[in-house]
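Structure, as structure tokens:
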Amino acid sequence: MAEPDTSRLERLSGVLKRRGVLLPAFEIHGGAKGLYDFGPVGGRLRNRVNQTWLNHWLSLGNIVEISCPTVTPYAVLEASGHVGEFSDFMTVCGSCEEASRADTLLESFHSNPDSLTKEQLQSLLDQSQPPCPACQGIEWSEITAQNLMFNTTIGAGSSGRPGFLRPETAQGMFTSFSALYRHNRERLPFGAIQVGKGYRNEISPRQGMIRLREFNMAELEYFINPHEEAGHDFTPWSEQQITLIADGQGEIQMSFKDAVEQNVIRHATVGYFMAQTFDFLVKVGIDAQRLRFRQHEADEMAHYASDCWDAEIHGSYGWVECVGIAHRGCYDLESHEKATGKSLRARREFAEPQVIETDGWTINGATAGPVFRASAGAVKAAVEALPSTTSFPQMLTLESGEQVTVEPEHVKRDQRTETITGEWYIPHVVEPAFGIDRIIWHILDHAYDETGKDGEEYTVMRLSENVAPVDYCVFPLFEKDGMGELAQSIHRTLCSKQNLVSMYDSSGSIGRRYARADEIGVPKCITVDHQSLEDQTVTIRDRDSGEQHRVDIDSL
RNA sequence: GCGGAUAUGGUGUAGUGGUAACAUAGGAGGUUUCCAACCUCUUGUCGCGGGUUCGACUCCCGCUAUCCGCACCA
């Protein structure tokens, strides 16, 4: 692997800033850490990547797009576990003032300090006095909770409710489950996708686009019935060898199909979405040779997850996690169900209806109720536990220890046959979560090519046509004899077409204009020359080959 | 969050206690029959806030941001 080339990184960042792709946000006010603008070129690029992502998943046929608020009530994120998970308990060294995480300090004093409450951590810290990793001091300040989510108040004054800016889009998909389930005619599997902003108040954002405080994310929540075999078709990827870093096996090369069959990938749906993710990333211009999937080790995974893989892309910052694909079990829906008491379940019918025969006794409410009053419920439970052969009157000892005599008129025979045709279950979820900014960074990183054209420095952004921010540049060879007017009219015709962006450029020599177009990755340049005026044809130049061919204006 | 370095046109750099230079880029015009050519004209800059000083881009302090280590990264 090549050494990180920092000067290439600097030149790339320079191009991105100069050409309006990525810029530090609010720079005239001094800038803000971890916040970036997508400029006039980058904004379009981001949109194209988002659109390609949406189309990629919508094409599967059972996936719908939704959009949920970024402002999220406290209770939602408390139920999801984020309030707990996103809090770090910090303590500060008394001698060198270095801040440390309390659970990290206490790792050698407890098997799982992450699971302790703030109070437990405090008392363990006081007892064990771990040395400061920076200065070996053992004096520690009181533990404080630091939350990595942005706090806000929803509403004003005393009626305001606490809330957060969402740290991920996923919770909206879970809280909307009932609407999604109904929309999908109450049939699983189905998925919901959403692209949008997420927020994490990182202590120390670094490395440009890699760790941001506000970021673009795209998530799919795919709801499945755990009682059903997944049955995915992996033949489209059968020739494709993928680099996998499997838990305990190191780096291996194999196809998705083999990985699933050999249980390296532990769930077929996870494998299927890994394959789909691979296709998406290649589609938007990620170099397949610099893409790998890394499995989370057992202790790295959230406790409820059964398998989790990260798609990692190699670029100027080394290998960076850009997509996480996790089998989350029923954790999320169950958490919201517990917190709200609302059912977030799907129905499955049994292959064979279950017949339950009941033969026993129950109380006659009209007679037993007035007699036993407050104990009537307990009497009912005791009577229903009796075998059908019991005869009355009968002395019973209730759970409370109270003794009662149940007379024949207090009871009636209960003989029923119940047929249960199915059950309500909590669906399982497979979640591919994409860090769009990180992917865009790597698209640019992989596309950025410094060629030594005629011994001079020359840069080309070899962006995929699927995501290129500008589709066409239209140039008049010279702005005279009507060439400018013809080029303008072609430019406007192209712009009026859906999902097409064209740029008109007439300043500077033709070579300079090609160079400008190459630098922002315009795939095709159209040039109007003298011949165009005579026979209504133009030349089209291909960015990567530099070759030109002549076509009719009407065929554009 | 801690330590170190840095901050000058759009970009990359030079430089000075008396308000700034070079390259490149941008605009207008000219020239040119297709890959950053050339000529003329032109636009635009000392991160922010204090202090010292007659005067601060320059010296001092604070802040912010960037880069590099350390720590952190569900």
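Proteins come first, then strands; the chains are lettered A, B, ... in the order of their sequence lines, and each starts at number 1.
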**Study point:** Residue list, side chain to side chain contact (heavy atoms under 4.5 Å, CB included) with A/Arg211, at least two apart or on another chain
**Key:** A/Glu202, A/Arg438
Exercise for review: For RNA chain B, find the residues of residues 477-487 of chain A with a heavy-atom distance under 4.0 Å and give them by number; none if there aren't any.
Suggested key: A/Leu477, A/Phe478
Point to revise | Under the side chain to side chain contact (heavy atoms under 4.5 Å, CB included) test, residues paired with A/Glu547 that sit two or more places apart | key: A/Ser545
Revision key, fill the gap. Stems for RNA chain B (at least 3 consecutive Watson-Crick or G-U pairs, under 3.5 Å) come to B:1-7 with B:64-70, B:10-13 with B:21-24, B:26-30 with B:38-42, B:47-51 with B:59-63
Using a cutoff of under 3.5 Å, can you pull out all pairs of nitrogen or oxygen atoms linking the protein to nucleotides 4-11 of chain B, with atom names and distances?
residue	atom	partner	partner atom	Å
B/U11	OP1	A/Lys17	NZ	3.2

**Study point:** Those residues that, when tested against A/Ser464, pass side-chain hydrogen bond (donor to acceptor under 3.5 Å, both in side chains) (two or more places apart)
**Key:** A/Asn466
Revision key, fill the gap. Across all chains, not counting sequence neighbours, the side-chain hydrogen bond (donor to acceptor under 3.5 Å, both in side chains) partners of A/Gln171 are A/Glu168, A/His336
Donor-acceptor contacts under 3.5 Å from residues 481-492 of chain A side chains, at least two apart:
residue	atom	partner	partner atom	Å
A/Ser489	OG	A/Leu486	O	3.3
A/His491	ND1	A/Ser502	OG	2.8

Point to revise | Strand-adjacent residues in residues 164-177 of chain A, judged by heavy atoms under 4.0 Å from RNA chain B | key: none
Point to revise | side-chain hydrogen bond (donor to acceptor under 3.5 Å, both in side chains) partners of A/Arg166, counting only residues at least two apart | key: A/Gln194
Review point. In residues 502-510 of chain A, which residues come under 4.0 Å of RNA chain B by heavy atom?
Key: A/Ser507, A/Ser509, A/Ile510
Review point. Using 4.0 Å as the upper bound for N to carboxylate O, is an ion pair formed by A/Asp471 and A/Lys524?
Key: no
Exercise for review: Just jot down the side-chain hydrogen bond (donor to acceptor under 3.5 Å, both in side chains) partners of A/Tyr504, sequence neighbours excluded, or say none.
Suggested key: A/Glu479
